[in-house]
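This chain uses plain numbering: 1 for the first residue, then up along the sequence. Every number for a ligand or one of its atoms is a count from 1 in the order of the listing.
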Amino acid sequence: MKKDIQVFDNVLQLIGKTPLIKLNKMTKGFEGDFFAKVEAFNPGHSSKDRIALHIIEEAERKGLLSLGDTIIETTSGNTGFSIAMISIIKGYECILAVSSKSSPDKIDMLKSMGAQVYVCPANVKADDPRSYYEVAKRLHNEIKGSVYINQYFNQLNLDAHYHSTGPEIWEQTEGQITHLVACSGTGGTISGISKYLKEQNPEVKVIGVDAYGSVLKKYHETREFDEKEIYPYRIEGLGKNLIPTATDFDLIDKFVKVTDEESAHTAREISKTEGLFVGYTSGAAMQAIKQLNEEGEFKKGDKIVVIFPDHGSRYMSKVYSDKWMEDQGFFDSKTLISEKIQYI
Ligand code: PMP
């Protein structure tokens, strides 16, 4: 197979058009054909490049941003990295308000990409003036011409996936997709893709993945916000303790919950069996597929697409650290990494 060798004007031209890769080992013996949309192939190594670019370019189209203006967001994760990368190319300042819980590695990564980082205490309420929400809001009010991305409450998040990821999947599966399985955080990914796919074929089944400790699944079933569902969990980027308006719950057929432990082991398994070095939520999405398979969700001839949102390199001190796994009580000799090393 010949691969195109192209030259690009800048790194932003590489956002989107990520590959769909067949899963061969993880789904051995399952009914149906399984394909992963591997978002780590974006230049910022996650699906968040798509929403950051779309939201920033919409602001430009509306005349809200000019050279040297400031873009603000509350995130230490993938969205922050994407905004920082895009700001470098387009000539904007980037301010990220992050929680003091964020790992030093993540903060260093954002600084390396030129972002101004405000580290805010994690143990204060959301309405405390020191919380990262309030700090971001204050800076947005103070800095003239600044744009606040606000991914959990911004319809353009969903819109980004409706215009890019959705059509790509439809085209890559030649319209044969029967199921989409995707993690839900802001819900932009699953809702945007679902909107596009269901417009093409209302029969496509869309399954969201949620964490134990998050309110999303219960809210989907009851349309009630149940505080009792909320407790701490470890997977970052999946589930939520509030209801994001970037999620369209009517476009999701059902939710599956996955555990921190099984998702972590499954992420390790994907790397070792498929050669795809993916993040924690990719493990969560794949874990959901295992559970759905057990429940008899899939049949022969089905074409199932799963979203792998980001790259494993962001989780070296977590999922890909045996010490971290052991500290969480996740020890399992079958997925150990450290025994692979020999010192000469
Ligand atoms: N996985 C990771 C690693 C993420 O950072 C996010 C975003 N919070 C998601 C999955 C979920 O994507 P979305 O926010 O579009 O629901």
Side-chain angles (χ1 to χ4, degrees), residues 18 36-40 42 44-55 73-83 96 98-99 102-103 106 109-110 149-166 169 180-196 206-211 214-217 219-220 233-249 251-252 255-256 258 260 263-264 266-267 270 277-288 306-316 318-320:
T18 53
K37 182 80 170 153
V38 186
E39 289 293 292
N42 281 297
H45 303 152
S46 88
S47 55
K48 295 296 179 179
D49 282 1
R50 297 175 187 268
I51 70 156
L53 185 66
H54 184 68
I55 295 172
E73 181 60 324
T74 49
T75 169
S76 62
N78 290 322
T79 310
F81 190 85
S82 300
I83 298 168
L96 303 170
V98 313
S99 148
S102 311
S103 71
K106 275 192 174 169
M109 202 165 73
L110 299 173
I149 299 285
N150 204 9
Q151 59 172 334
Y152 281 89
F153 300 98
N154 192 337
Q155 285 305 302
L156 292 173
N157 173 353
L158 185 160
D159 207 40
H161 292 285
Y162 174 77
H163 289 291
S164 67
T165 333
I169 292 172
L180 173 78
V181 178
C183 289
S184 203
T186 66
T189 306
I190 190 165
S191 309
I193 300 174
S194 179
K195 186 170 173 214
Y196 185 84
V206 174
I207 302 169
V209 184
D210 190 19
S214 151
V215 291
L216 301 180
K217 181 172 189 285
Y219 183 81
H220 180 254
Y233 58 90
R234 296 178 186 87
I235 312 179
E236 296 161 68
L238 171 66
K240 204 60 197 165
N241 57 0
L242 49 77
I243 307 301
T245 55
T247 311
D248 187 337
F249 286 87
L251 290 169
I252 301 168
F255 273 94
V256 175
V258 292
D260 289 332
S263 303
T266 303
I270 299 168
F277 192 42
V278 291
Y280 204 168
T281 54
S282 304
M286 199 63 225
Q287 176 57 30
V306 57
I307 308 295
F308 286 173
D310 71 353
H311 196 259
S313 58
R314 300 223 161 128
Y315 305 87
M316 293 312 295
K318 293 195 169 172
V319 173
Y320 294 106

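- Salt-bridge check for Glu236 with Lys318: passed, with a basic side-chain N closer than 4.0 Å to an acidic carboxylate O.
- A cation-pi arrangement is present between Lys240 and Tyr152, with the terminal nitrogen or guanidinium carbon under 6.0 Å from the aromatic centre and inside a 45° cone about the axis.
- None of Ile55, Thr189, Thr18 except one satisfies the side-chain contact (heavy atoms from CB on, under 4.5 Å) rule with Arg50; the exception is Thr18.
- Looking at Gln151 and Thr186, their side chains never bring a donor and an acceptor atom within 3.5 Å of each other.
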Are there any protein N or O atoms under 3.5 Å from the N or O atoms of ligand 1? List them with distances, or say none.
unit_1: ligand 1; atom_1: 1 (N); unit_2: Thr281; atom_2: OG1; d: 2.7
unit_1: ligand 1; atom_1: 5 (O); unit_2: Asn78; atom_2: ND2; d: 3.3
unit_1: ligand 1; atom_1: 8 (N); unit_2: Gly237; atom_2: O; d: 3.2
unit_1: ligand 1; atom_1: 14 (O); unit_2: Lys48; atom_2: NZ; d: 2.9
unit_1: ligand 1; atom_1: 14 (O); unit_2: Thr186; atom_2: N; d: 2.8
unit_1: ligand 1; atom_1: 14 (O); unit_2: Thr186; atom_2: OG1; d: 2.6
unit_1: ligand 1; atom_1: 15 (O); unit_2: Thr186; atom_2: OG1; d: 3.3
unit_1: ligand 1; atom_1: 15 (O); unit_2: Thr189; atom_2: N; d: 3.0
unit_1: ligand 1; atom_1: 15 (O); unit_2: Thr189; atom_2: OG1; d: 2.5
unit_1: ligand 1; atom_1: 16 (O); unit_2: Gly185; atom_2: N; d: 2.7
unit_1: ligand 1; atom_1: 16 (O); unit_2: Thr186; atom_2: N; d: 3.3
unit_1: ligand 1; atom_1: 16 (O); unit_2: Gly187; atom_2: N; d: 2.8

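- Comment: Lys217 does not engage Asp210 in a salt bridge, judged by the lack of any side-chain N to carboxylate O separation of less than 4.0 angstrom.
- The aromatic rings of Tyr196 and Tyr162 stand perpendicular to each other, their planes meeting at an angle above 60°, with 30° marking the opposite boundary.
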